[in-house]
Amino acid sequence: MTDAVTIDAIAGGAPKLALDKLGPLFEQRTGHRLALHYDTMSGIRDKVAAGDKLDVLLMPVPLIDAYVKDGMVKVAGRATLGIIGLGVAIKAGVKVPDISTPDKLRQALLAARAVVHATPSAAPSGAHSDKVIKQLGIAEAIAGRVIHRPGFAGGVAMVASGPKDFRFNRHTSRL
């Protein structure tokens, strides 16, 4: 067996729960150590641009492709680990809204007292949420009720402790 190494990896918040469980198993089986770091996509971009030493980037393929194209990173190997969707979190005790169609999602968002999602410029989920809200034609109508806070950085907790009709809506509907 080769000498154990430390692998510096960085990811956004989406894979955190899986990596926190799988990381120790990897370390136990291989003898290598994982130094896992989590940040927003804009924070990761800043670290890459600053030349921070990173062995592994766990992020959306289009962002890695852009880093390669811009000469910010070189890819020695690459694998798609999974596809991450967006979810909807509703405060416990609140009736779950029907978001099965774009029109029903529009109605649910318009009825929500607040809509929380990640900052569009900081995270792919925020950019997607913002895009969906615009495609639904309700951006202006709910602008005063949108709060930008990533789910893993307090957004979900904000919903859990908020007023009864406070909703955290992120959705992957195809429009």
Side-chain angles (χ1 to χ4, degrees), residues 10-20 37-50 52 54 57-73 80-175:
I10 193 163
K16 185 177 184 336
L17 295 175
L19 292 174
D20 286 349
H37 310 279
Y38 301 99
D39 205 338
T40 62
M41 291 300 116
S42 58
I44 294 171
R45 180 189 62 237
D46 293 346
K47 286 175 175 44
V48 170
D52 284 15
L54 299 167
L57 292 173
L58 295 161
M59 54 194 319
V61 170
L63 294 178
I64 292 175
D65 289 345
Y67 291 175
V68 170
K69 181 180 175 192
D70 292 344
M72 294 171 67
V73 298
T80 299
L81 300 178
I83 297 172
I84 299 173
L86 299 175
V88 175
I90 305 295
K91 183 176 174 63
V94 173
K95 182 179 181 239
V96 176
D98 180 356
I99 59 169
S100 61
T101 68
D103 189 54
K104 289 179 180 179
L105 175 61
R106 178 184 303 104
Q107 291 171 19
L109 291 171
L110 286 169
R113 188 161 157 194
V115 176
V116 181
H117 66 77
T119 306
S121 61
S125 64
H128 185 74
S129 297
D130 189 59
K131 178 181 173 184
V132 168
I133 288 167
K134 287 176 182 170
Q135 287 177 326
L136 291 172
I138 60 172
E140 196 172 301
I142 67 169
R145 294 179 279 142
V146 172
I147 299 168
H148 292 132
R149 176 90 43 95
F152 291 120
V156 174
M158 183 182 279
V159 172
S161 64
K164 187 171 183 175
D165 62 345
F166 191 76
R167 295 182 174 98
F168 171 68
N169 293 291
R170 299 192 305 175
H171 189 55
T172 59
S173 63
R174 301 265 191 260
L175 299 175

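- Here the closest non-hydrogen pair linking Leu136 and Pro102 is CD2-O, 3.4 Å.
- Here the shortest heavy-atom pairing between Ile99 and Ala108 reads CG2-CB, 4.1 Å.
- Considering only heavy atoms from C-beta on, Leu105 comes within 4.5 Å of Val132 through its side chain.
- Leu63 CG to Arg45 CZ: the interatomic distance, rounded to the nearest 0.5 Å, is 9.0 Å.
- The distance from atom OH of Tyr67 to atom CG of Leu57, rounded to the nearest 0.5 Å, is 7.5 Å.
- Atoms CZ and OG1, on Arg106 and Thr101 in that order, are 8.0 Å from each other to the nearest 0.5 Å.
- The CG atom of Asp130 sits 6.0 Å away from the NE2 atom of His148 when rounded to the nearest 0.5 Å.
- Separating the CD1 atom in Ile133 from the CD1 atom in Ile142 is a distance of 4.0 Å, to the nearest 0.5 Å.
- Nearest heavy atom pair, residue Met41 against residue Pro60, reads SD-CD, 3.7 Å.
- Between the side chains of Ser100 and Asp98, at least one donor N or O sits under 3.5 Å from an acceptor N or O.
- The nearest pair of heavy atoms linking Gly12 to Ile44 is N-CD1, 3.7 Å.
- The distance from atom CD1 of Ile10 to atom NZ of Lys47, rounded to the nearest 0.5 Å, is 5.0 Å.
- Within the structure, salt bridge (charged side-chain N to carboxylate O under 4.0 Å, His left out) contacts touching residues 64-73 (residues at least two apart or in different chains) are Asp65-Arg78.
- One N or O on the side chain of Arg145 and one on the backbone of Ala112 form a donor-acceptor pair closer than 3.5 Å.
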